[in-house]
**Q** 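Please find one structure pasted underneath; my questions will follow.
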Amino acid sequence: MAKPFYRLQRFLRRMQLFFLFLGVAYIMAGSVLLLQRASLVVSQRGSSILPLPSLPSPPRALAAPVAGPHHSRMAPSEGQAEGQSPDGRTGPHWLVSRNLEIRHLRRRWFHSLMSEQETPRGDGGPLQRKAHHKGTYVGCFLDDSKERGLKGTVFYDFRKMSSTLCQDTCSESGYQFAGLEYGSECHCGNRISSPRTREEDCNLACKGERGLPCGGVGRLSVYKVDEVLPGHRRYRNVRYRGCFERPDNATAAFLFHTLQPNLTSQSCVETCTDKELPLAVLRRPDCFCGYASRHFTLHEATPEERCALANTTGPQVPKDQDFFQVYQTPVQDARCTDRKFFPEKSNRLVALSSFPGAGNTWVRHLIELATGYYTGSYYFDGTLYNKGFKGEKDYWKSGRTICVKTHESGKREIEMYDAAILLIRNPYRSLMAEFNRKCAGHLGYASEQHWKGKEWPEFVSSYASWWASHVLDWLRFGRQLLVVHYEELRAALVPSLRAVTAFLNANVSEDRLLCVESNQDGHFKRPPGDQRRSFDPFTPDMKRLINGYILTVDQALRNGNQSGLPHEYMPR
């Protein structure tokens with residue numbers, strides 16, 4: 001009797017410990033969940049993050065060039081405490097150290113992604129349209145990646161897509177039809193080139209407009225936008241490309257030709273837009289439509305006098321019959337817009353590394369267009385994912401993306417990659433771009449109060465050293481490196497992209513590179529703003545500090561058998 005009682009007593013003691021452990025685990029899990037929700041609410045309300053130590057100010061000894069790439073870390077000044085600005089004051093709440101800031105961004109992006117509610121799918125039947133729109137719903141149509149139902153512009157919004165947004169965008173680009181797919185993709189076109197299918201197949205609701213059909217898997221919910229009579233259309237994104245010499249073989253260079261006795265730029269643009277072609281080329285009375293190609297590259301413009309261009313709004317009548325005026329129509333060149341993940345895991349992990357503000361997102365856009373493969377990211381940025389960067393949600397070491405965005409610069413982080421594209425931009429421009437992003441987001445501008453406040457000097461004193469140490473670390477620890485200068489990429493896009501795609505082992509045709517050139521800005525360029533500041537934001541002390549880092553990095557590049565920094569970087 002005693003023995004069974006002893007066993008029961010021992011069992012109960014063990015169960016007490018087991019339940020105690022479960023209770024503690026439950027409390028800890030609840031606490032973590034509450035903290036996550038609290039941080040999400042704070043970030044959604046725009047509250048400032050908790051104060052964290054700012055980067056140490058670099059020593060004044062580095063104002064002069066330091067030989068060799070081994071000076072890759074900028075130590076704090078003697079007697080200065082870690083996390084303080086040069087005058088001994090702690091930085092503002094939003095100015096955090098580089099590592100802690102990146103961790104905070106990871107947490108914020110992760111919470112924002114986890115908080116997104118999944119769009120409910122239909123029960124097999126068509127969704128009911130609960131709102132009235134200016135467009136007319138046409139029906140549900142097939143859409144195949146090789147043969148698109150609508151062949152014009154395509155754009156994405158994985159959070160706020162709606163039929164109204166899609167119709168407005170397509171209408172402003174001169175299209176007659178707008179089609180929605182997967183609940184988040186918008187396709188535009190002037191004709192529907194695929195067969196109709198069952199309404200039940202378009203069973204996905206719009207991400208930003210519940211209750212309305214936004215296509216399905218390989219299915220388009222098509223709307224006909226408001227009718228605008230020819231001659232009354234107004235396009236917001238027609239761009240004059242310049243005056244060019246007649247190609248040797250106009251038949252091979254252009255896909256469509258029409259004669260118009262009263263030809264104007266407006267009528268030729270409308271004609272080519274209706275034909276869903278991105279270039280309108282006119283020489284009275286001829287109107288040609290087509291793409292930029294190796295027969296007509298648009299790389300060698302001639303003086304405007306050769307086309308006798310009087311103005312940009314009235315009739316355009318070139319006097320020289322050997323020269324054409326060229327306009328970019330609202331139609332997107334769709335020859336390079338298809339993208340996908342690698343079908344098999346790559347055995348080579350390539351980083352696209354840069355200092356924040358150096359144009360990493362723009363270069364990712366170019367690489368995706370040129371290669372047809374998605375780029376990945378070391379971070380989870382929900383904003384970029386919503387705009388079509390599907391690689392943002394893919395695990396960065398999955399091997400399914402052609403390269404991986406990173407701002408990291410530590411030895412351990414660098415050695416995780418087999419190769420890297422090191423993107424460098426003028427530090428003056430990089431610092432201003434990153435400060436604009438911190439104050440006003442990816443596409444906004446900081447106000448004059450921000451530039452004249454205390455945040456800007458503290459930002460420069462901390463982040464200028466990061467610009468230098470980032471380059472020096474990658475030169476020191478990177479295995480296989482391709483250095484790309486942002487300014488050279490903008491000035492000579494096609495040759496620079498050839499070097500980048502060759503480094504990535506991607507076979508890219510010349511026509512595809514010309515397509516990238518036509519779509520180079522995408523939706524990721526900061527729009528023109530009022531940049532007429534009445535003062536130079538960089539003080540003489542800031543310039544001495546930054547110029548010292550420029551000379552240091554330039555010398556390190558040359559010591560590493562790389563071309564030095566562009567001449568415009570150099571101190572005057």
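We number each residue from 1, following the sequence as shown. Reckoned from all heavy atoms, side chains included, excluding hydrogens, waters and symmetry mates.
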**Q** May I ask you to check if the distance between the SG atoms of C166 and C188 is under 2.5 Å?
**A** no
**Q** What's the verdict on side chain to side chain contact (heavy atoms under 4.5 Å, CB included) for K275 and V331, showing C-alpha distance, side-chain angles and the deciding distance?
**A** CA-CA 9 Å; K275 296 296 180 182; V331 177; over 6 Å; no
**Q** Under a 4.5 Å cut-off applied to non-hydrogen side-chain atoms, are M432 and F538 in contact?
**A** yes
**Q** What residues, two or more places apart in sequence or in another chain, satisfy salt bridge (charged side-chain N to carboxylate O under 4.0 Å, His left out) together with R348?
**A** none
**Q** Can a salt bridge be assigned to the pair R294 and D511 using a cut-off of 4.0 Å between side-chain N and carboxylate O?
**A** yes
**Q** May I ask you to say whether E510 pairs ionically with R498, meaning some side-chain N is under 4.0 Å from a carboxylate O?
**A** yes
**Q** Taking it one step at a time, do R246 and D322 satisfy salt bridge (charged side-chain N to carboxylate O under 4.0 Å, His left out)?
**A** CA-CA 5 Å; R246 175 190 176 94; D322 292 326; 5.8 Å; no
**Q** Just checking, any donor-acceptor pair under 3.5 angstrom between side chains of E487 and Y569?
**A** yes
**Q** Begin with the C-alpha distance, continue with both residues' side-chain angles, and end with the deciding distance and a verdict on side chain to side chain contact (heavy atoms under 4.5 Å, CB included) for F288 and F256.
**A** CA-CA 6 Å; F288 299 88; F256 179 80; over 6 Å; no
**Q** Salt bridge check: are R512 and D338 linked by an N-O gap of less than 4.0 Å?
**A** yes
**Q** Main chain of D394, side chain of S398: is a donor-acceptor contact present, judged purely on distance under 3.5 Å?
**A** no
**Q** Please verify the inter-ring angle class for F435 with H450; under 30° counts as parallel, over 60° as perpendicular, anything in between as tilted.
**A** perpendicular
**Q** Between D201 and R198, does any side-chain N to carboxylate O distance fall below 4.0 Å?
**A** yes
**Q** Walk me through whether C140 and C202 qualify under disulfide (SG to SG under 2.5 Å).
**A** CA-CA 6 Å; C140 186; C202 290; 1.9 Å; yes
**Q** For residues E517 and H299, is any side-chain donor paired with an opposing acceptor at under 3.5 Å?
**A** yes
**Q** Check the pair E304 / Y240 against side-chain hydrogen bond (donor to acceptor under 3.5 Å, both in side chains), numbers first and verdict last.
**A** CA-CA 12 Å; E304 290 299 319; Y240 179 64; 2.9 Å; yes
**Q** I need the minimum non-hydrogen distance between L352 and N360, along with the two atoms involved.
**A** O-ND2, 3.1 Å
**Q** With a 3.5 Å distance limit and no angle check, can you tell me whether N519 reaches the backbone of C515 through a side-chain donor-acceptor pair?
**A** yes
**Q** When you measure from the side chain of Q328 to the backbone N and O of L279, does any donor-acceptor pair fall under 3.5 Å?
**A** no
**Q** Between CG of L504 and OH of Y373, what distance do you get to the nearest 0.5 Å?
**A** 12.0 Å
**Q** State, yes or no, whether a side-chain contact exists between W396 and T401 at a heavy-atom distance under 4.5 Å.
**A** no
**Q** Please check if any side-chain donor atom of T302 sits under 3.5 Å from a side-chain acceptor atom of E245, or the reverse.
**A** no
**Q** Quick check for you: to the nearest 0.5 Å, what is the distance between F177 atom CZ and L220 atom CG?
**A** 12.0 Å
**Q** For T383 and E392, does a side-chain donor sit closer than 3.5 Å to a side-chain acceptor?
**A** no
**Q** Under the side-chain hydrogen bond (donor to acceptor under 3.5 Å, both in side chains) criterion, do T271 and Q260 qualify, and how do the steps go?
**A** CA-CA 10 Å; T271 298; Q260 299 181 16; 3.1 Å; yes
**Q** Atom OG of S221 and atom OH of Y182: how far apart are they, to the nearest 0.5 Å?
**A** 12.5 Å
**Q** Quick one: does P330's side chain get under 4.5 Å of V238's, heavy atoms only?
**A** yes
**Q** At their closest point, which heavy atom of C206 faces which heavy atom of L180, and how far apart are they?
**A** SG-CD2, 4.4 Å
**Q** Hey, are R425 and E488 close enough for a salt bridge, meaning a charged N less than 4.0 Å from a carboxylate O?
**A** no
**Q** Can any side-chain N or O of H257 pair as donor or acceptor with the backbone N or O of T251 at less than 3.5 Å?
**A** no
**Q** For D286 and T258, indicate whether the former's side chain and the latter's backbone hold a donor-acceptor pair under 3.5 Å.
**A** no
**Q** Which heavy atom of C403 sits nearest a heavy atom of I367, and at what distance?
**A** SG-CD1, 4.0 Å
**Q** Can you check whether C287 and C272 have SGs under 2.5 Å apart?
**A** no
